[in-house]
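FYI, side chains are in, hydrogens and waters are out, and symmetry mates aren't considered; it's all heavy atoms of this structure. Chain letters run A, B, ... following the sequence lines, proteins first and then strands; every chain starts at 1.
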2 protein chains.
Amino acid sequence: MMTEPNSEQLSTDPAQILREAGLRATQQRTSVLTILAASTDHPTVDDVYDKARQLDDSVSIATIYRTMLLLETAGLIRKLTFDDAPARYEMTPNRDHDHLIDIDTGELIEIPGREISELRARIVNDLGYDVVSQHTILRGRRKH
Amino acid sequence: MMTEPNSEQLSTDPAQILREAGLRATQQRTSVLTILAASTDHPTVDDVYDKARQLDDSVSIATIYRTMLLLETAGLIRKLTFDDAPARYEMTPNRDHDHLIDIDTGELIEIPGREISELRARIVNDLGYDVVSQHTILRGRRKH
DNA sequence: ATTAATGCAAAGCTTTTGCATTTTC
DNA sequence: GAAAATGCAAAAGCTTTGCATTAAT
């Protein structure tokens, strides 16, 4: 019992997370996952690429793109697409949250919790913003 | 009094709508606006381009792009961006509504009304869908 | 040893832009 | 007639892909 590192078996080691997802734990993938786990902002592919090159200056942008798609498909990371700006990524959040974009600065602000619209509007207000527009994207699957 | 076509002065003529917005009413812009007004789906730039060429086979794709941006900036149309799919457009809706994407078919379904999350979920359910994920994008402006 | 992943460079798409010509007001 | 919009073609992103090489299991 005491030899178990953790009763819930939750891996924090990127390489192990990859293997548990049935993926090969390459150095590049491990780097990407480490970078994303350490990011509090929502980095773009280019941001991740730059940081990955600081760890290993031979990584290619193609691998970053392939890795982002792989991790997204595996459900380990989440892709955020806002208008035409390059996609941003975050580790898959435990609890769902919304995003507020500052239309003047482009700043991306997380809004915790799954609130109803009215409450959400109040929260945004408390953050010091006026809501210019809001739009919910639902993804569904037709019931069979 | 009886000579007024409409007490609210709402123009339905695309050329007039453009002029009221302070824009030059070119043939190309009029076509684009006419096409969008007649569309119940949410056409992409390419869709609009194809239809515009049926009206005038000399229009260029550059003009369509420029026109879409112009109309969007003027608030006459609304741009919808979903993941990496090419942007889709619709006339600016009177009442806000959400969109449901069928992740299997890519079909885009309008959900009328500005409902709170729980109610929205029920509506989606009534449409015969299970919600796989939902994400609200808020656009705000920092209060000064 | 097999099988998969990577790096490189080229290609693909969508969108934007410079500039001469045409159109709108 | 002056100012703005268009068409064309080239350029500029961002993202994907083919293939030989390298790495993971």
Side-chain angles (χ1 to χ4, degrees), chain A residues 13-35 42-74 76-77 79-89 106, chain B residues 13-35 42-74 76-77 79-89 106:
Chain A
D13 173 38
Q16 196 159 337
I17 291 171
L18 287 164
R19 289 198 196 89
E20 284 171 12
L23 306 172
R24 289 196 178 185
T26 67
Q27 194 174 12
Q28 294 85 343
R29 291 173 182 178
T30 305
S31 292
V32 168
L33 213 47
T34 301
I35 288 163
H42 301 75
T44 63
V45 167
D46 246 35
D47 294 336
V48 174
Y49 177 53
D50 288 345
K51 287 183 184 168
R53 285 191 82 95
Q54 289 172 21
L55 300 177
D56 168 8
D57 72 350
S58 71
V59 283
S60 99
I61 187 75
T63 295
I64 304 297
Y65 273 106
R66 280 187 283 231
T67 300
M68 299 314 256
L69 179 59
L70 183 86
L71 298 180
E72 188 197 1
T73 304
L76 296 176
I77 67 175
K79 182 180 194 171
L80 307 169
T81 311
F82 305 108
D83 283 335
D84 298 314
R88 291 163 163 270
Y89 291 85
Chain B
D13 174 38
Q16 196 158 337
I17 290 172
L18 287 163
R19 290 199 195 88
E20 284 172 12
L23 305 172
R24 289 197 177 185
T26 66
Q27 194 175 11
Q28 294 86 342
R29 291 173 183 179
T30 305
S31 293
V32 168
L33 213 46
T34 302
I35 289 164
H42 302 74
T44 62
V45 167
D46 246 36
D47 294 335
V48 174
Y49 177 53
D50 288 345
K51 286 183 184 168
R53 285 191 82 95
Q54 289 172 21
L55 299 176
D56 169 8
D57 71 350
S58 71
V59 284
S60 97
I61 186 76
T63 296
I64 304 296
Y65 273 105
R66 281 187 282 232
T67 301
M68 300 313 258
L69 179 58
L70 183 87
L71 299 180
E72 188 196 0
T73 303
L76 297 176
I77 67 174
K79 181 179 193 171
L80 307 168
T81 311
F82 305 109
D83 283 336
D84 299 314
R88 289 161 165 273
Y89 291 85

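The shortest heavy-atom contact between Thr30(B) and Pro14(B) is CG2-CB, 3.8 Å. When all heavy atoms are compared, the tightest approach of Ile35(B) to Val48(B) is CD1-O, 4.0 Å.
Judged purely by distance below 3.5 Å, without hydrogens or angles, the side chains of Ser58(A) and Asp56(A) pair a donor atom with an acceptor atom.
For the side chain to side chain donor-acceptor pair (under 3.5 Å) test, no residue two or more places apart in sequence or in another chain qualifies with Asp57(B). Contacts of Arg53(B) classified as side chain to side chain donor-acceptor pair (under 3.5 Å), with partners at least two apart in sequence or in another chain: Tyr49(B). By the side chain to side chain donor-acceptor pair (under 3.5 Å) test, Thr34(B) is found to be paired with no residue, residues two or more places apart in sequence or in another chain being considered. Every side chain to side chain contact (heavy atoms under 4.5 Å, CB included) that Leu70(A) has, sequence neighbours left out, goes to Leu23(A), Arg29(A). For the side chain to side chain contact (heavy atoms under 4.5 Å, CB included) test, residues two or more places apart in sequence or in another chain that qualify with Ser31(B) are Leu55(B). Under the side chain to side chain donor-acceptor pair (under 3.5 Å) criterion, Thr73(A) pairs with no residue at all, not counting sequence neighbours.
For Gln16(B) and dC25(C), the CD to C1' distance is 16 Å, given to the nearest whole Å. Atoms OH (Tyr49(B)) and P (dT6(D)) sit 14 Å apart, rounded to a whole Å. Taking atom OH on Tyr89(B) and atom P on dT14(C), their separation rounds to 13 Å, with Å as the unit. Remark: C1' of dC8(C) and CG of Asp56(A) are 15 Å apart, rounded to the nearest angstrom. One atom, CG of Leu69(B), and another, P of dT6(D), lie 12 Å apart when rounded to the nearest Å. Protein atom CG of Leu18(B) is 18 Å distant from nucleotide atom P of dT23(C), rounded to whole Å.
Residue Arg66(A) is classed as a base contact, given a heavy-atom separation below 4.0 Å to a base.
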Name the pairs: protein N/O against N/O of nucleotides 9-15 of chain D, kept only if under 3.5 Å.
| unit_1 | atom_1 | unit_2 | atom_2 | d |
| --- | --- | --- | --- | --- |
| dT15(D) | OP2 | Tyr65(A) | OH | 2.3 |
| dT15(D) | O5' | Tyr65(A) | OH | 3.2 |

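In this model, the phosphate group of dG7(D) is approached by a side-chain N or O of Thr63(B) to a distance below 4.0 Å at OP1 or OP2.
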Could you run through nucleotides 20-25 of chain D and give me one letter per nucleotide, 5' to 3': B if any protein heavy atom sits under 4.0 Å from the base, S if only the sugar-phosphate is that close, - if neither? ----BS

Apply side-chain contact (heavy atoms from CB on, under 4.5 Å) to the pair Leu71(B) and Leu18(B), showing each step before the final yes or no. CA-CA 9 Å; Leu71(B) 299 180; Leu18(B) 287 163; 3.7 Å; yes

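Between the two ends of the helix from dA1(C)-dT25(D) to dC25(C)-dG1(D), each summarised by a five-pair axis, the helix axis turns through 40° (rounded to 10 degrees).
Contact check for Leu80(A) versus Tyr89(A): no side-chain heavy atoms found under the 4.5 Å cut-off.
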